[in-house]
Amino acid sequence: MDYADLHIHTSASDGLLSPQEVVQWAQKKRLRAIGITDHDTISGINPAIESNERPDKLEIIPGIELNTEYYGKEIHMLGYYIDYKDQWFLKILKRMQESRYNRAVTMIEKLNALGIDIELKQVEEISKGSSIGRPHIARAMVEKGYIDSMVDAFDKYIGVGCPAYVERFKLTTREAIEIIEKAGGISVLAHPGLINDKKSISSILSLGVKGIEVLHPKHDQDMVRYLLALAKERKLFITGGTDCHGIMQNGQPIMGNISIDYNKVIELKKYAGIEE
Ligand code: AMP
Ligand code: ZN
Ligand code: FE
Ligand code: FE
């Protein structure tokens, strides 16, 4: 049977592996398809496709994970088969990148005022210029020896409510769904298990989401069963993946450790109107 891991981050957002390395690992792990789903950016997609030497074997699905806000909760919306060359769509993403950049500048100023001497240049080198976020700032702080681990950075400095935390612009969940659909993509609610509130899950689905991420490392068996039933009831596409950020475990990334049947990809593809 062929398998797909539909939730993977690259260094275009906060993943540690470059798009090329992601492709190499996916080939090594004999996956049939992978979804490149970086936070708020598509800039990992082209490099991944270009480095895929065996397009007959490994299929690269263009995707995105939009970070949104739903009544104060952080909700992630996946989009699959988006037209990642659509100018209107790219303009929206560009605006989000700019807002992330400006916010990073403010956060670094706040850290500097607290005696944490990190520079924008260092953070940009870590983020490799795209979709700059708190994890990159945290890594810069670890590199400079101000803290022992990234978790410390969030606990003491850049977590919500901490002295150097700065809010960033977020789309509403409804806007994200509309943007994904308008860009020709299929909207899928990411890791609903993390929402931890069945009423919210249900009302988000009612916004017109087309699919639901059933398999995810943070979902236990009960959650998977619950989400499968929900998908059936509401006639939603089912997706799944590792949410791989390239962290190594026993010398390997977790990519492919959770995967879904390739038939689910065929269903998505058909709906998106992609030729076999
Ligand atoms: P940003 O989008 O820049 O606000 O950063 C959000 C990202 O930071 C999330 O996707 C997580 O990867 C990471 N993150 C958020 N909170 C924590 C935390 N307490 N510990 C470690 N990483 C976190
Ligand atoms: Zn991430
Ligand atoms: Fe997520
Ligand atoms: Fe993710």
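This is a predicted model, so every value here is computed, not measured. For ligands, and for the atoms within them, numbers begin at 1 and follow the listed sequence.
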H136 to ligand 1, any heavy atom closer than 4.0 Å: no
- request: Would you indicate whether the side-chain heavy atoms of I75 and L189 approach each other to under 4.5 Å?
  value: yes
query: How does I132 reach ligand 1, if at all, at less than 4.0 Å between non-hydrogen atoms: by side chain, backbone, both, or neither?
result: neither
- line: G133 heavy atoms within 4.0 Å reach ligand 1 at atoms 3 (O)
- request: Round to 10° and report the angle made at the Zn ion (ligand 2) by NE2 of H39 and OD1 of D14.
  value: 90°
query: Does even one non-hydrogen atom of H245 get within less than 4.0 Å of ligand 1?
result: no
field: Enumerated ligand 1 atoms positioned under 4.0 Å from heavy atoms of R168
entry: 1 (P), 2 (O), 4 (O)
2.8 Å cut-off met by an N, O or S atom of H245 to the Zn ion (ligand 2): yes
Value rounded to 0.5 Å, distance of OG in S187 from CZ in F237: 10.0 Å
- request: Output yes when the distance from some N or O of ligand 1 to some N or O of R134 is under 3.5 Å, and no in every other case.
  value: yes
- request: Report the name of the N/O/S atom of E65 located nearest to the Fe ion (ligand 4).
  value: OE1
- line: To the Fe ion (ligand 4), the closest N, O or S atom belonging to D243 is OD1
- prompt: Should D155 be counted as touching ligand 1, given the test is an N or O pair under 3.5 Å?
  reply: no
message: Taking the side chain as everything from C-beta on, heavy atoms only, tell me whether I34 gets closer than 4.5 Å to L58.
response: yes
Student check: side-chain heavy atoms of I118 and M141 closer than 4.5 Å: yes
Check ion pair D5-K29 (N to O, under 4.0 angstrom): no
query: Is atom 6 (C) of ligand 1 less than 4.0 angstrom from some protein heavy atom?
result: yes
message: Taking the basic N atoms (NZ, or NE/NH1/NH2) and the acidic carboxylate oxygens, is any pair closer than 4.0 Å for K264 and D261?
response: no
task: Verify the contact flag for atom 13 (C) of ligand 1, where contact means a protein heavy atom under 4.0 Å away.
output: yes
task: Write out all pairs satisfying ring-ring contact (aromatic ring centres under 6.0 Å, His included) with one or both partners inside residues 9-55, taking only residues at least two apart or from two chains.
output: H7-H9, H9-H39, H9-H245, H39-H76, H39-H245
field: Cationic tip of K210 above Y271 ring, under 6.0 Å, 45° of axis
entry: no
Reported CG-to-CG distance for the pair L215 and L6, which is rounded to 0.5 angstrom: 9.5 Å
Atoms in ligand 1 with a heavy atom of P135 nearer than 4.0 Å: 5 (O), 7 (C), 8 (O), 13 (C)
- request: Check each heavy atom of M150 against ligand 1 and say whether those closer than 4.0 Å belong to the side chain, the backbone, both or neither.
  value: neither
- prompt: Between E98 and K94, is there a salt bridge with N-O shorter than 4.0 Å?
  reply: yes
message: Please list the nearest protein heavy atom to atom 22 (N) of ligand 1 with its residue and the distance rounded to 0.1 Å.
response: F154 CE1, 3.3 Å
- prompt: Is any side-chain heavy atom of M77 closer than 4.5 Å to a side-chain heavy atom of L207?
  reply: no
statement: Rounding to 0.5 Å, atoms CD (E74) and OG1 (T173) come to a distance of 9.5 Å
- line: For D14, the ligand 1 atoms with a heavy-atom partner under 4.0 Å come out as 12 (O)
task: Examine the proximity of ligand 1 to R103 and report which part, side chain or backbone, both or neither, has a heavy atom under 4.0 Å away.
output: side chain
- prompt: Is any N, O or S atom of H9 under 2.8 Å away from the Fe ion (ligand 4)?
  reply: yes
- prompt: Any N/O/S atom of H7 sitting less than 2.8 Å from the Fe ion (ligand 4), backbone or side chain?
  reply: yes
